[in-house]
Structures are given as C-alpha cells and as structure tokens.
Amino acid sequence: MMEIVRRIIAEALGEMMVSVPERIEVEVPRDEALGDLSTPVAMSLSKQLRRPPRKIAEEIIANMKAGGDFEKIEVAGPGFINFTLKKESLYRSLSGLLRGGKALLAAKDIGKGRKILLEFVSANPTGPLHLGHGRGAALGAALANLLSAAGFRVTKEYYINDAGRQMSLLGESVFSKYQELLGASYPFPEDGYRGAYVEDIAKKIAREESDKYRGLEFAPPQSSFFSGYACRQMLAQIKADLAAFGVTFDTWQSEKELYDRHEVEKALEYLRGKGFIYENEGATWFKATQFGDEKDRVIIKNDGKYTYFASDIAYHKKKVDGGYDELIDIWGADHHGYIPRVKAALESLGYEKERLKVLLVQMVSLLRGGRPVQMSKRAGEFISLRDVMEEVGADTTKFMFLTRKADSHLDFDLEVAKAASAENPVYYVQYAYARINSILRHAVEKGFCVSDAEGETECAEADLVALAEPEELRLIKKVLLYPAVFEAAVHAREPHRITFYLQELAGLFHPYYNRHRIVTEDSRLTLARIALSRAARLVLRDGLQMLGVAAPERM
RNA sequence: GCGCCUGUAGCUCAGUUGGAUAGAGCAACUGCCUUCUAAGCAGUGGGUCAGGGGUUCGAAUCCCUUCAGGCGCGCCA
C-alpha cells in the first residue's frame, strides 16, 4: 500500500519536473478520520520550490495518476496529502496476502543475499549466563530471524574468550577447590571465581581423576588441564542454557584457536607491515589515533603477553576476510568505549568503519515485586538466566527483553513476568493467537471448510465485501501494515518494533472478537470473517516466530 | 575532568528516523461471562515530553547549555 503511494507521488513529481527525493515518507495518520495513509512530502519540498506547501500538495494531486485504489485524496492541515483507500482495494490486498501466505509477508528481498556475520552473547566461559546475556541472546536471535527472512544470509556466531588470564583464574579457582575437597590446600586466588559452579567442577574432576593432582602446584601441565576442563564444562552449560532459551548459533569461534593458528601474529604482522604498529616503553602499540580513536592502544604488554584487543583485531580481520558484507556485534553497553578502537582496527585493515555495526544492549535490573534483587558477584551469588527461565519461562523472558529497544535500561520484575495475567504482555499476544485457533476449531465443527493445509488460499476466495464493520476495516489495515513494520524493523535492526506491532494487532483483534461473532448463521459473512481471522493469525504467527516466541494453539 | 547512553502519565515504556490535537500497558474507579477462550472487552481520570536557549513552515525527535541517573575512560577482560 505504501509502495503504491510512493510510486504515484514520484510519478507526479516527475510530471512536475521536480527531482524526486530519495525517500518519500509515507505514514499512517494518527487520527483515522484523516485517512489511511499520508505523506508530508509537499511540506518537505516547500523550501526548495519556494512555494507554500498546500499549493504544492494540490499540484501533486493534480499531476497524480491515482488509479482505482483510492476513495479520496486530499490536502489537509499544513500541507499533508491524505489518502483514503477504497474498501475494495483493502479486500484485494487482504485476499492477496491470504493467497501469498507466508511468502508474501516479507516479500521484498531487502538483503539480496548479502552476507552478515552477527556476533552476540559471547560471554566468557567463566560462569553461567546472567540476565544481561539473555537480553543479548534474545535480541541477536530475533534479529537473525528478521534478517534471514528479509533475504540476508546470516551467520550467528559466538566468540569464546577461552584464552588469557580469566581462563587461568577460573582454572586456579577450581584447582583450589579441588585441593580442598581432597584435604590438601591451595590458596584461593585473590579475585577468583566463587560461584557454586566452581565447586561442582572441582567435584567432577575429583570424581574422574581422583587424587591425581593432589598437593601439586598450579603450574603446567595440570594448570592447563584444570583451565581447559573448567572451560569445557562452562561452555557446555552455556550451550545448554542457550538451547533451553531457544537460541542457537551457527559457529563458535575460539579465541585460543586464533592464537594456536597464529592468526593473531599474522594480523599484527600485517599491520606492522603497514606501519601502524610501534614499540614504546617495552610494549607494542597500535596507532589507533590515526583512525579516530582517542589514544593509541597496547596490543602486547611489556611482559610479552597479548592484550584482549590483540586477539580482537585478529578476530575482526577473520570476520571481514570471511567475505561478509556486514558485521554486527551485540555488546553490553559497558563495552561502548571499545567501539572506536575496534572500528579503528577495521579501518587499518583496509575496510570501511561502516561495515561494522555495534548494537549496545543496556543493563538489566532484576526486581522482585518492585524491589531490587541483591546480587553479589564477589560472593558468587546471582540469579542466572537459567534461574529466571525456570521461574518465569523462556518465552516470557524473551518477550520481555524484546518489548524494549536495546539501548534503554530494562527493569525485569520477576513477579510481573510470572503473573499469568493482563500485566503480562506476552499472554496478550499469545492469547489472541490461541483465541483465533479456538474460533477456527469451532468453525470446523460448525461445518465451515477451513482445512489448515489449504485454508489461507481457500479463504482468499471468500467474499470479503461482507467485512464492513469499523473493527474489521481497522484490523484489515493493521494486518496489511505488517510488511512495512517488518521492513522498518529490518532496516533499523530493531526487533522490538515487531513486538509493539504484535501488541497493537492483538489489541485490535480482542475488541473485534468481543463485539462481533466470527461464526454466525450467515455463511457468507462467516467465511469472510474466518478469512480475516486467518490473515491476523498468519501475521501473529510470523511475528512471534521472528521474536522466537511460541505461538500456542490453545492456552 | 572527558566521552557515550538515558530522562515522555503515579509505574514500566513506545513514539513510524523532523510532521497534524504526544500514545500503549499496568496501577485506580465503574460495568460486561446460559452463545466461537474473561490470560478478554467497554468506559473514566491522568502530561511544563527534566529545565532553558536555538535551528524552521513545523521539534519529544536536530544543535547549544544546565540539572539528574547509568556506564565507560588500564600495559584488565
């Protein structure tokens, strides 16, 4: 619908010998009395053409070949051009949607096969996933769904920080617990990991290896055994948690592997060859300032060890070398200071900064009944993603995360999320879906032919003219808006737009249901209403699927 | 001190990338189940878009500034 408006406006502007703006804005007016679609284009052109907006709007209308889709096209307010669609046009579009089914929902191939590497979660395997990781996971998975459906080729990747000091610290923490279990003792590292999971891993090692390492020092080879073992354990748990959350990855990139395969060295050699690396005060530096960062960054410390940034350069080099047209990283907001240096690295490697888009996910505060849940990282006491999933369910958790844009703080209240009531927006949307299914089951019982396999196509043939109630027209328009919302969500990389749209759609279906019966004695009317219900169901299902949230047949 | 993010109804948040009289849910109050799911619906009240200045036909949205909150600013990850 929006496309049609854009096209005829562009044509009219062509007639008027006016250069067509890159993007003709089309929106849905706030007040439905104003029309179905609206464009402020005349106002935007006013300055350039040095004429009053209303005048321009009138000229556009005069030069427009509108075709038969519109009931009314008029100038309103300061210079909007408002379009009111003919009902027949709505019916035609609806029927087209039903006939095309899922394929039509995101028919526009936005991605055109472009390759995107989407890296998210990437939590260090030094402890269980917490809520913040969950938010990143929900966002990443939903975004991947959207981008894939929009025609991008998306690879979901998890970067494993399995090298360096943190890993060693985890190993040492386990090592200490292990000694304790066997009656020996080894000092617990100062800033070691204290969660119960550390002890669990120690117990497991004690069970499998008995007292083989009893009384030893934390040094090779046993140190790498403990670190490696602990890492594998944690990673397995992380994978299991993500799977339970309904989030999967295509590839798992190990940091350690980048070192083992000398990719870090090679990347640095490459930069050295280009003159972006220098030595100073015993350390090796990257000239980040040359690419817009505030200061140069150390990549090899004066003790000879690499910094985290060194492997990150190699990692991002590997990403772009993989032939990806676009890189998307989802990070916790506390890493935002890191963006300029990674972009600098990318640029120094010969790629445009724009190729990397970093989405920041703000922190999640966990509440219970409005009061903050105390968490102490030091004592290893915190509520993990798994705890929350077990308490409120994966679907609700995901939906909650996706009802806010990534870049705003999120209060996650366990009591609210757990409430199986109106307070909980997930149910509102799912309930609409389940309700439609219930109605359709009822319709089948009443003898209306609505087989599930071919139902949509069949409904496309229904006589939709019977749909004349205001609630019905409103619902049709909202359903038909889905592709535009979808496109906007893809374009902005913002899955939460889908969430809001689904709430609005459900918010139109529920009152419709309450005021009008779908299944009546009038079979022509009934078939039309079934068709509309099925269209709504189609969109609800697709949207929920994008969010990675279940669409239950009954509740 | 510098940088980034946030500030919208009592609470939690949207706001179609600068458009019309700023929206939704919750909470509060009043009604609706012998008929397709009441996890639902109908109605009522609720605003200095943190404050100030600027840009222009037009600002919650862009710029400057003040205030408040969060996060960053390591040869940590």
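Just so we're on the same page: letters track the sequence lines, and every chain starts at 1.
Residue A:Ile277 holds its CD1 atom at 5.0 Å from CG of A:Leu271, rounded to the nearest 0.5 Å.
With both ends at atom P, the span from B:rG43 to B:rA50 equals 30 Å, rounded to whole Å. The same atom, P, is picked in B:rC57 and in B:rG72; the two are 43 Å apart, to the nearest Å. Comparing B:rC2 with B:rG58, their P atoms sit 34 Å apart, to the nearest whole Å. Only the C1' atoms considered, B:rA9 is 29 Å distant from B:rC64, to the nearest whole Å. Rounded to whole Å, the separation between the C1' atoms of B:rC33 and B:rG40 comes to 10 Å. Rounded to the nearest Å, the gap between the P atom of B:rA28 and that of B:rA38 is 22 Å.
Across all strands shown, A:Lys295 has heavy atoms under 4.0 Å from sugar-phosphate atoms exclusively, and none from any base. Across all strands shown, A:Ala283 has heavy atoms under 4.0 Å from base atoms, whether or not it also approaches the sugar-phosphate. At a threshold of 4.0 angstrom between heavy atoms, the contacts of A:Asn302 include nucleobase atoms, whether or not backbone atoms are also involved. Residue-level contact check: A:Arg554 touches the bases, meaning some heavy atom is under 4.0 Å from a base atom. Note on A:His496: only backbone sugar-phosphate atoms sit closer than 4.0 angstrom, heavy atoms only; bases stay farther off. The residue A:Val26 sits apart from the nucleic acid: no heavy atom pair falls under 4.0 Å. If you check every strand for non-hydrogen atoms under 4.0 Å, A:Ser44 touches a base. A:Glu281 comes within 4.0 angstrom of a nucleotide base, judged by non-hydrogen atoms across all strands. At the heavy-atom level, A:Ser38 lies under 4.0 Å from base atoms of the strands shown. A:Pro511 comes within contact range of the sugar-phosphate backbone alone, with a heavy-atom separation under 4.0 Å but no base atom that close. Counting non-hydrogen atoms under 4.0 angstrom, A:Asp162 reaches nothing in the nucleic acid. Among the heavy atoms of the strands, none lies under 4.0 Å from A:Ala432. At the heavy-atom level, A:Tyr431 lies under 4.0 Å from base atoms of the strands shown.
Mapped onto RNA chain B by nearest heavy atom, A:Arg165 and A:Asp411 fall at different nucleotides, with A:Asp411 at the one closer to the 5' end. Projected onto RNA chain B by closest heavy-atom contact, A:Phe80 and A:His409 fall at different nucleotides, the more 5' of which corresponds to A:His409.
Pair assignment for B:rC11 gives B:rG25, based on Watson-Crick or G-U wobble hydrogen-bonding distances that are each under 3.5 Å. In this structure, B:rC36 makes no Watson-Crick or G-U wobble pair, since no nucleotide meets both defining distances under 3.5 angstrom. The partner of B:rC57 is B:rG19, by the rule that a Watson-Crick or G-U pair needs both atom distances under 3.5 Å. Applying the Watson-Crick and G-U wobble criteria (two distances, each under 3.5 Å), B:rA68 pairs with B:rU6. Both distances falling under 3.5 Å, in either a Watson-Crick or a G-U wobble arrangement, place B:rG1 opposite B:rC73. In this structure B:rA42 sits in a base pair with B:rU30, meeting the Watson-Crick or G-U test at under 3.5 Å.
Comparing B:rA42, B:rA77, B:rA38 against the side chain of A:Arg435 picks out B:rA38 as the nearest. In this structure, of B:rA14, B:rA20, B:rG19, it is B:rA14 that holds the atom nearest to the side chain of A:Ser408. Ranking B:rC13, B:rA77, B:rA20 by closeness to the A:Arg404 side chain, first place goes to B:rC13. Comparing atom distances between the A:Leu34 side chain and each of B:rG40, B:rA20, B:rA42 picks out B:rA20 as nearest. For A:Met555, counting side-chain heavy atoms from C-beta on, the closest listed nucleotide (B:rA77, B:rA20, B:rA39) is B:rA39. Taking every side-chain heavy atom of A:Lys47 into account, B:rC57 is the closest of B:rA14, B:rC57, B:rA77. Each of B:rA42, B:rA20, B:rC36 was ranked by its minimum atom distance to the side chain of A:Ile439; first place goes to B:rC36. Nearest to the side-chain atoms of A:Asp334 among the listed nucleotides B:rG19, B:rG40, B:rG72 stands B:rG72.
Glycosidic torsion of B:rC63 falls outside 90° of 0, placing the base in anti. The glycosidic torsion of B:rU17 lies within 90° of 0, placing the base in the syn range.
Under 4.0 angstrom from either OP1 or OP2 of B:rC57 there lies no side-chain N or O belonging to A:Arg51. Distances shorter than 4.0 Å separate some side-chain N or O of A:Lys301 from OP1 or OP2 on B:rC76. Here A:Tyr428 reaches the OP1 or OP2 of B:rC41: one of its side-chain N or O atoms lies under 4.0 Å away. Taking side-chain N and O atoms only, A:Tyr308 has no distance below 4.0 Å to OP1 or OP2 of B:rG74. The phosphate of B:rG15 has OP1 or OP2 within less than 4.0 Å of a side-chain N or O from A:Lys405.
The base of B:rG3 is paired with the side chain of A:His336 by a donor and an acceptor separated by under 3.5 Å. No donor-acceptor contact under 3.5 Å links the side chain of A:Thr307 to the base of B:rA77. If you check distances only, the side chain of A:Asp191 never reaches the base of B:rA77 with a donor-acceptor pair under 3.5 Å.
Taking the six-membered ring where tryptophan is involved, the planes of A:Phe286 and A:Phe276 are perpendicular, since the angle between them exceeds 60° and thus also 30°. In this pair, A:Tyr482 and A:Phe486 present their aromatic rings tilted. The plane angle is within the 30 to 60° band. Aromatic ring pairs are classed by plane angle as parallel below 30°, tilted from 30° to 60° and perpendicular above 60°; the pair A:Tyr306 and A:Tyr259 is tilted. Classification of the A:Tyr512-A:His516 ring pair by plane angle, with boundaries at 30° and 60°, yields tilted.
Atom NZ of A:Lys256 sits in a sparse spot, with 12 or fewer heavy atoms from other residues, nucleotides or ligands closer than 6.0 Å. In the displayed structure, A:His491 atom NE2 is contacted under 6.0 Å by at most 12 heavy atoms of other residues, nucleotides or ligands.
Straight-line distance from the CZ atom of A:Phe500 to the P atom of B:rG23: 16 Å, rounded to whole Å. Note: CZ (A:Phe399) to P (B:rA24) measures 17 Å, nearest angstrom. Atoms CD (A:Glu32) and C1' (B:rG23) sit 15 Å apart, rounded to a whole Å. Between the CD1 atom of A:Ile81 and the P atom of B:rA20 there is a distance of 16 Å, rounded to whole Å. Rounded to a whole Å, the CD atom of A:Gln430 is 12 Å from the P atom of B:rG40. As rounded to whole Å, 10 Å separates atom C1' of B:rG74 from atom CH2 of A:Trp285. Summarising the geometry, the separation between CG on A:Leu410 and C1' on B:rU12 is reported as 9 Å, rounded to the nearest angstrom. Following rounding to the nearest Å, A:Glu494 (CD) and B:rU16 (P) show an atom-to-atom distance of 9 Å.
Donor-acceptor pairing under 3.5 Å is recorded for the side chains of A:Glu255 and A:Ser311.
For the pair A:Arg435 and A:Tyr513, the cation-pi criterion (under 6.0 Å, within 45° of the ring axis) is fulfilled.
Under the 4.5 Å side-chain criterion, counting only non-hydrogen atoms from C-beta, A:Glu553 is in contact with A:Tyr433.
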